[in-house]
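Whatever order the structure lists ligands and atoms in, that order sets their numbers, starting from 1.
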Amino acid sequence: MKNVVIIGASSGMGLEVAKLYLERGYRLGVGARREDRLQALQQLAPDRVVTQAIDVTDADAGERLRELIDKMGGMDLFFYSSGIGKQNRLLAADIELNTMNTNALGFARMIGEAYRYFAERGEGHIAAITSIAGTKGLGPAPSYSATKALQNNYLQALEQQAHARGLNIRFTDIRPGFVDTDLLNGDFRYPMMLKPGKVARQIVGAIDRKRHVAVLDWKYALLTALWRRVPRCVWRCVKL
Ligand SMILES: NC(=O)c1ccc[n+]([C@@H]2O[C@H](COP(=O)([O-])OP(=O)(O)OC[C@H]3O[C@@H](n4cnc5c(N)ncnc54)[C@H](OP(=O)(O)O)[C@@H]3O)[C@@H](O)[C@H]2O)c1
């Protein structure tokens, strides 16, 4: 039986992945801000789910994570699904800064704490949902695309650092395209929308196979491979 910690388990892909791991019989430590949602998840398997209220933007969120790990008696896999994202075509300052706070500072805080835990323990696996949005700067969502690129690079940097230090820590950077979750709720209609349940199964498969990077699904893998080839002078004229 594995001990899996999932931060961002209160909705969307984090919740779907949590349900899949419960079906496997794993023990879960789940964190997010909405405690009622976490408690509803706990009701599915009360003896195998431990909850912890965590706001990743709080300075002491790393300590809350350590408390959760202690309550579980250890952690084998850290799965990170917390994040926010909004279109911000008029560059409202609060949206930009909140996104930076959650997706950049919160991400570094929580991934960093998991890394330090696994470094002390000698082994572990860190998997995080980033996004295909980190592939290029996206005009409709500047802070979202910028923080997703930061997340991609942060995981890559930690992977290299862990290797240099001889630490047996595995990393999986999961980059989905548009997924039908609360994050995208709004008036805007997104193309090529994926179902969260199906994406969750692909995420678990990528973690099982210990993939370093998984772009989901194959259509988005193709799309982002094309995006990467678009020169800067053309990209700046693309209307998204
Ligand atoms: N939906 C998409 O199209 C899509 C595509 C690519 C990548 N992603 C990424 O996938 C991840 C999961 O998003 P989702 O699509 O599953 O949306 P979601 O249903 O809105 O889930 C977001 C999760 O993040 C948690 N969260 C947000 N702010 C937090 C904070 N300050 N502290 C702790 N937890 C926080 C939320 O929990 P609480 O509100 O309860 O705290 C929730 O559990 C995000 O990183 C998102 O950027 C989404």
J.: Heavy-atom contact under 4.0 Å between Ala61 and ligand 1?
T.: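 No, Ala61 has no heavy atoms under 4.0 Å from ligand 1.
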J.: For ligand 1, does Asp55 get within less than 4.0 Å through its side chain, its backbone, both, or neither, judged by non-hydrogen atoms?
T.: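 Contact part for Asp55 vs ligand 1: both backbone and side chain.
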J.: Check the pair Ser11, Arg34 against side chain to side chain donor-acceptor pair (under 3.5 Å), reporting the backbone distance first and the verdict last.
T.: CA-CA 9 Å; Ser11 65; Arg34 287 170 294 176; 3.0 Å; yes
J.: Between Val56 and ligand 1, which residue portion shows a heavy-atom distance shorter than 4.0 Å: side chain, backbone, both, or neither?
T.: both
J.: Got a donor-acceptor contact below 3.5 angstrom from the Thr102 side chain to the Thr99 backbone?
T.: no
J.: Where is the tightest heavy-atom contact between Gly74 and Tyr117, given as atom of each residue plus distance?
T.: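 It is CA-OH, 3.4 Å.
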J.: Can you check whether Arg33 has an N/O within less than 3.5 Å of an N/O in ligand 1?
T.: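 Right, the criterion is met.
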J.: Under 4.0 angstrom from ligand 1, any heavy atom of Pro176?
T.: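 Contact check Pro176 vs ligand 1: positive.
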J.: Does an N or O from Ile7, backbone or side chain, lie closer than 3.5 Å to an N or O of ligand 1?
T.: no
J.: Residue-level breakdown please: for Tyr190 versus ligand 1, do any non-hydrogen atoms fall below 4.0 Å on the side chain, on the backbone, on both, or on neither?
T.: neither
J.: Applying a 4.0 Å heavy-atom criterion (strictly less than), which segment of Leu15 is in contact with ligand 1: side chain, backbone, both, or neither?
T.: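 Neither part.
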J.: Is there a donor in the side chain of Thr172 and an acceptor in the side chain of His212, or the other way round, less than 3.5 Å apart?
T.: no
J.: Does Phe178 reach ligand 1 with a nitrogen or oxygen that is under 3.5 Å from one of the ligand's nitrogen or oxygen atoms?
T.: no
J.: Hey, is Asp180 touching ligand 1 through its side chain, its backbone, both or neither, going by heavy atoms under 4.0 Å?
T.: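 Asp180 to ligand 1: no contact under 4.0 Å from either part.
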J.: Counting only nitrogen or oxygen atoms and a 3.5 angstrom limit, does Met13 reach ligand 1?
T.: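 Yes; the residue has a nitrogen or oxygen that sits under 3.5 Å from a nitrogen or oxygen of the ligand.
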J.: Between Asp173 and Arg175, is the closest basic N to carboxylate O distance under 4.0 Å?
T.: yes
J.: Got an N/O contact under 3.5 Å between Arg34 and ligand 1?
T.: yes
J.: Work out whether the distance between some heavy atom of Ser81 and some atom of ligand 1 is less than 4.0 Å.
T.: yes
J.: Can you tell which part of Lys148 has a heavy atom less than 4.0 Å from ligand 1: side chain, backbone, both or neither?
T.: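 The part of Lys148 near ligand 1 is the side chain, not the backbone.
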J.: Tell me whether Glu120 is salt-bridged to Arg66, with the criterion being a basic N under 4.0 Å from an acidic carboxylate O.
T.: yes
J.: Answer yes or no: does atom CD of Gln160 have more than 12 heavy-atom neighbours from other residues, nucleotides or ligands under 6.0 Å?
T.: no
J.: Run through Pro176, Pro196, Ser81 and flag the one making a side chain to side chain contact (heavy atoms under 4.5 Å, CB included) with Thr181.
T.: Pro196
J.: Flag Gly12 as yes when one of its N or O atoms lies below 3.5 Å from any N or O atom of ligand 1, and as no otherwise.
T.: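 Between Gly12 and ligand 1, an N or O pair is found under 3.5 Å apart.
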J.: Rounded at 0.5 Å granularity, tell me how far CD in Glu23 sits from NZ in Lys19.
T.: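 Those atoms lie 9.5 Å apart.
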J.: Taking distance alone, with N or O pairs closer than 3.5 Å, would you say Ser82 contacts ligand 1?
T.: yes
J.: Is there any N or O on Ala32 that sits under 3.5 Å from an N or O of ligand 1?
T.: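 No, since none of the N or O atoms of Ala32 sits under 3.5 Å from an N or O of ligand 1.
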J.: Report yes or no: does Asn103 have a heavy atom closer than 4.0 Å to ligand 1?
T.: no
J.: Looking only at atom types and distance, does a side-chain atom of Tyr21 sit under 3.5 Å from a main-chain N or O of Val204, one as donor and one as acceptor?
T.: no
J.: Is it true that the side chains of Gln87 and Tyr144 contain a donor and an acceptor less than 3.5 Å apart?
T.: no
